[in-house]
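Just the heavy atoms: all of them, side chains too, but no hydrogens, waters or symmetry mates, feed the values below.
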Amino acid sequence: MSTIGILGAGRVGTNLAAKLAAAGHHVTLGTRRPSPATDPRIAIADQRTAARTADIVINATPGDSSLARLTGLRAELAGKILVDVSNATRDDDDGLPGDLCYPSSSLAEKLQSELPDTQVVKTLNTMVFTVMTAPEILSSPPTAYLSGDDEGAKKAVTGLLGDLGWQPAWIEDLGGIGTARATEAMILLVPHILRRHGFKPFAISLAR
């Protein structure tokens, strides 16, 4: 079992924390304003402590501020695997994702460039957060895409995906971190789907 630090205590972070803790991992939820834990399986700490004490760190912070936030934790993230599940967009007037913050790149690429001693892996950013930890709820098999330069890091993340309920056949390794700009661009579909169908579970998947 791994020691996992999750940065961000919103819906995505708390959802991942609960499922990974239930799978037996040692989970610390990193928040800007630590408060007493409500789940005895999950420790609560500030984000710097959560990053420093973990073997694997998950970025579940808002994507438009992730780069500044995580580069401030460069020392704590050195030598770690950083799983980036965020999308960097500017919100539209209705609060849904709008334009990409890095249209000719990606948040994952920016993070890898700014954190050269950290192994960044992009995944789980092409679905509603409820599907991240319960992919079986969809009527057809979803896809979890992987992007990252380090094969060992991607193998470790594939193991975590298995603990979240993802079958091997549902995981698609796209290659290096540069492929993350393709999956991050998929977020442009999301607001149109949500406006038409409401907040129902879905994933942008590969059909064969």
Side-chain angles (χ1 to χ4, degrees), residues 2 4-25 27 29 39 41-42 56-64 66 81-89 91-92 94-98 100 106-108 111 120-148 153-174 179-208:
S2 300
I4 299 172
I6 300 178
L7 307 182
R11 294 179 298 180
V12 173
T14 54
N15 192 44
L16 290 169
K19 187 66 176 280
L20 290 169
H25 295 284
V27 178
L29 193 59
D39 186 332
R41 301 169 302 175
I42 301 170
I56 298 174
V57 179
I58 297 175
N59 173 38
T61 65
D64 59 348
S66 288
I81 296 172
L82 176 63
V83 186
D84 178 30
V85 304
S86 293
N87 286 302
T89 62
D91 287 349
D92 278 344
D94 58 4
L96 293 177
L100 299 173
S106 66
L107 172 59
L111 288 169
V120 179
V121 178
K122 189 82 183 189
T123 193
L124 295 180
N125 64 307
T126 55
M127 63 201 68
V128 175
F129 77 95
T130 52
V131 180
M132 294 179 176
T133 58
E136 72 281 357
I137 65 176
L138 299 182
S139 60
S140 57
T143 305
Y145 303 98
L146 282 178
S147 300
K154 286 193 287 187
K155 183 177 180 180
V157 174
T158 297
L160 289 185
L161 291 175
D163 291 337
L164 292 173
W166 289 86
Q167 297 182 21
W170 300 349
I171 301 171
E172 185 73 22
D173 186 346
L174 297 177
T179 63
R181 66 179 63 184
T183 60
E184 290 193 24
M186 292 181 188
I187 191 66
L188 296 176
L189 285 169
V190 171
H192 306 295
I193 295 171
L194 292 178
R195 290 184 186 113
R196 287 183 63 84
H197 301 287
F199 199 84
K200 299 177 181 178
F202 73 90
I204 302 172
S205 303
L206 179 65
R208 289 190 174 93

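The closest side-chain heavy-atom distance from Arg11 to Val128 is not below 4.5 Å. Looking at heavy atoms from C-beta onward, Thr123 lies out of side-chain contact with Asn125 at the 4.5 angstrom threshold.
Of the possible polar contacts, none joining the Thr126 side chain to the Thr183 backbone as a donor-acceptor pair under 3.5 Å is found. Under the 3.5 Å distance criterion, the side-chain polar atoms of Ser205 are matched with a main-chain donor or acceptor of Thr143. Here the side chain of Lys154 pairs a donor or acceptor atom with the backbone of Gly148 at under 3.5 angstrom. Side-chain atoms of Asn15 come within 3.5 Å of backbone N or O of Phe129 as a donor-acceptor pair. Judged by distance alone, with hydrogens and angles left aside, the side-chain atoms of Asp94 form a donor-acceptor pair with the main-chain N or O of Leu96 at under 3.5 Å. Distance alone, capped at 3.5 Å, is enough to place a donor-acceptor pair between the Trp166 side chain and the Met132 backbone. The backbone N or O of Leu194 sits nowhere less than 3.5 Å from a side-chain atom of Lys200 that would complete a donor-acceptor pair. Side-chain N or O atoms of Lys19 include one that pairs as donor or acceptor with a backbone N or O of Thr133 at under 3.5 Å.
Taking both residues in full, the closest heavy atoms of Glu184 and Ala108 are given as OE2-N, 3.0 Å, listed atom of the first, atom of the second, then distance. Shown here for Trp170 and Gly165, the closest heavy-atom pair between the two residues is CZ3-O, 3.8 Å. What you find for Leu161 and Ala144 is that their closest heavy atoms are CD1-CB, 4.2 Å. Between Ser147 and Thr179, the closest heavy-atom pair is OG-OG1, 2.6 Å. Considering all non-hydrogen atoms of both residues, Asp91 and Pro97 come closest at OD1-CA, 4.3 Å. For the residue pair Ala60 and Ile6, the shortest heavy atom distance occurs at CB-CG2, 4.3 Å.
A distance of 11.5 Å separates CZ in Phe202 from CD1 in Ile137, rounded to the nearest 0.5 Å. Here CD1 of Ile204 is found 9.0 Å from CE of Met127. Values are rounded to the nearest 0.5 Å. With rounding to the nearest 0.5 Å, the separation of CG in Leu124 from CG in Leu146 is 8.5 Å. Interatomic distance, CG of Leu206 versus CD1 of Ile171, reported as 13.5 Å (0.5 Å rounding). Taking OG1 of Thr61 as the start and CG of Leu107 as the end, the distance is 7.5 Å to the nearest 0.5 Å. The line from CD1 of Ile4 to CG of Leu16 is 9.0 Å long, rounded to the nearest 0.5 Å.
Each of Leu20, Ile56, Ile42 was checked for a side-chain contact (heavy atoms from CB on, under 4.5 Å) with His25, and the lone residue meeting it is Leu20. When the options Ile187, Asp64, Val190, Leu100 are evaluated for a side-chain contact (heavy atoms from CB on, under 4.5 Å) with Asn87, the one that passes is Ile187.
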